2 protein chains.
Amino acid sequence: MESPKKLQDIKVAVDAVIFGYFDKRDLQILLIKRNIEPFKGGWALPGGLVLDDESVDDAVKRELYEEAGIKPDFLEQLYTFGNLGRDPRNRVISVAYLGLVNPSYHELFADSDAEDAQWFSINKLPSVAFDHKTIIETALKRLRTKIQYQPIGFNLLNEEFPFSDLENLYKTIVGQEIDRRNFRKKIMSYGLLNETNNVKKEGSGRPGKLFTFNKEKYKELEEQGFYFEIK
Amino acid sequence: MESPKKLQDIKVAVDAVIFGYFDKRDLQILLIKRNIEPFKGGWALPGGLVLDDESVDDAVKRELYEEAGIKPDFLEQLYTFGNLGRDPRNRVISVAYLGLVNPSYHELFADSDAEDAQWFSINKLPSVAFDHKTIIETALKRLRTKIQYQPIGFNLLNEEFPFSDLENLYKTIVGQEIDRRNFRKKIMSYGLLNETNNVKKEGSGRPGKLFTFNKEKYKELEEQGFYFEIK
DNA sequence: TCAAAAGTGTTAACAGTACACCCATGT
DNA sequence: ACATGGGTGTACTGTTAACACTTTTGA
């Protein structure tokens, strides 16, 4: 860090790739419809400029709440995009975040800076503003990798979920068939799922028992050097 | 991204944690002695403000070359530190990078912005400016994890190295004993080392054959879905 | 001939993979 | 009784982990 020779003129923004999941559907991404230039009327990742008196982490959280009414269950920094020409007006660098929510717990609503906020299937994305396509691809890649060695997928499911939801989630995100028996054995061997007395009500076929993920136990094990791993 | 309500006043900097390794010594980190305020005369990570017309990636490379005469063999973005109060003067966010070099190929020299540039053992670090201690800890953690599933350690060794250097490197970085036979078997099973006709000259004991790391083959395998993994 | 480091195989335990049928429910 | 999805065990295969002596060189 040093004093600038002449005044630096770079703006700092945040953008968030928020994933949501509804059982047996594609993975979804949250986009907002811009109501200001540039790309007014176009879809983009939620985000915006960082304020002078807030941390970058706080900035994403604020923007997500302002633009879509969402407070993600999981949110971590993804990557900082710092190339030239990202924004047609000014030099803007963007600190991108990756977040996970359970959409059924979060009613979307668009506020001041956005005209609309919607879930889009990652397989049917509209074209998006700025370099947001690159950011989304980076996030997807990270999610696919990370879900295999950290139990972050549970943030996308209901508090109580049938085992099959977990199966479907992994199939959807990793994008390949899994062996139901082996997958269950592996997950169960960690002892991180608590069985509830409830069963899944809807749908046909035999009702599945509902489980919860034991976050506390995971933290404990993690501190003892335990590594969650799938596949 | 949106228009600012009032003008945003945040500076964007880069900082680099550059690791170096000399066989059978601790892992080293490159620090520079600041010749400007704040912390003038104190040690700090190489880095500085990003210029308006360069990408963030280019900024680190420039600063590293200006401040220490170094062009790292491996360099990747680490994390962006965006809290308030990092710099006593202005609001500054810093995009931190992690780099690896083989110190014997890089003579350090301090240039304009630094009074001195030196290697420090990670076990005997002086106190460092700003929040650089946190940055260093983040980098170390990342290095220790990453070296176990990506063959980045070779960037710290000579082009031609005896197998024992690799052993010592892993012992040093991961910080635990390894089984020499199993380690060798594992590494050799990937077929990524080319045997040369040369042997290690210095030191006592039986001379070891020198190997080179086959970068091209690794890239090929990687594209086919191969994952390097140790332990 | 001694000290120092390089080089090398086998076995046992464990983890991963492949694979198919019965069960509980609603209609 | 049938359609739908839930729940389960075993045998095989590959991988990891534990373990110690011989070889080559320089002093």
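All values derive from a computational prediction rather than experimental measurement. Scope of the values below: all heavy atoms of this structure, side chains included, with no hydrogens, waters or symmetry mates. In what follows, chains are A, B, ... by sequence order, proteins preceding strands, each numbered from 1.
- Whole-Å rounding puts the B/E202 CD to C/dA5 C1' distance at 13 Å.
- Taking atom CD on A/E177 and atom C1' on C/dT17, their separation rounds to 16 Å, with Å as the unit.
- Remark: P of C/dA5 and CZ of B/F161 are 19 Å apart, rounded to the nearest angstrom.
- Within the 4.5 Å cutoff, the side chain of A/I230 has heavy atoms near those of the A/Y170 side chain.
- Rounded to whole Å, atom P of D/dG7 lies 6 Å from atom CZ of A/F211.
- Side-chain contact between A/Y97 and A/D15 is absent, with no heavy atoms from C-beta onward closer than 4.5 Å.
- Between B/F74 and B/F154, the gap from one ring centroid to the other reaches at least 6.0 Å.
- Taking 4.0 angstrom as the limit, B/K186 places a side-chain polar atom (N or O) nearer than this to OP1 or OP2 of D/dT16.
- Applying ring-ring contact (aromatic ring centres under 6.0 Å, His included) to B/Y190 and the options B/Y218, B/F226, B/F213, B/F183 leaves one that passes, B/F226.
- Applying ring-ring contact (aromatic ring centres under 6.0 Å, His included) to A/F130 and the options A/W43, A/F39, A/F81 leaves one that passes, A/F39.
- Nucleotides of DNA chain C nearest to A/G205 and A/E229 differ in position, and the one nearer the 5' end is that of A/E229.
- The CD1-P distance, from A/I230 to C/dG16, rounds to 10 Å in whole Å.
- In this model, no donor atom of one side chain and acceptor atom of the other lie less than 3.5 Å apart for B/D57 and B/S55.
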Between the protein and nucleotides 19-23 of chain C, are there any N/O to N/O pairs under 3.5 Å, and if so, what are the atom names and distances?
unit_1 : atom_1 : unit_2 : atom_2 : d
C/dC19 : N3     : A/R181 : NH2    : 3.3
C/dC19 : N4     : A/R181 : NE     : 3.4
C/dA20 : N1     : A/R181 : NH1    : 3.2
C/dA20 : N3     : A/R181 : NH1    : 3.4
C/dC23 : O2     : A/R206 : NH1    : 3.3

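- Close to C/dA6, at under 4.0 Å from its OP1 or OP2, lies a side-chain N or O of B/S164.
- Relative to the side chain of A/R184, the nucleotides C/dG16, D/dT8, D/dT25 differ in distance, and D/dT8 lies closest.
- What separates CZ of A/F163 from P of D/dG5 is a distance of 18 Å, to the nearest Å.
- Rounded to an integer number of Å, the gap from A/E167 CD to D/dT8 P is 12 Å.
- In this structure, a donor-acceptor pair under 3.5 Å is absent between the side chains of B/Q28 and B/D26.
- The interatomic distance linking B/K231 (NZ) with D/dT15 (P) rounds to 18 Å, in whole Å.
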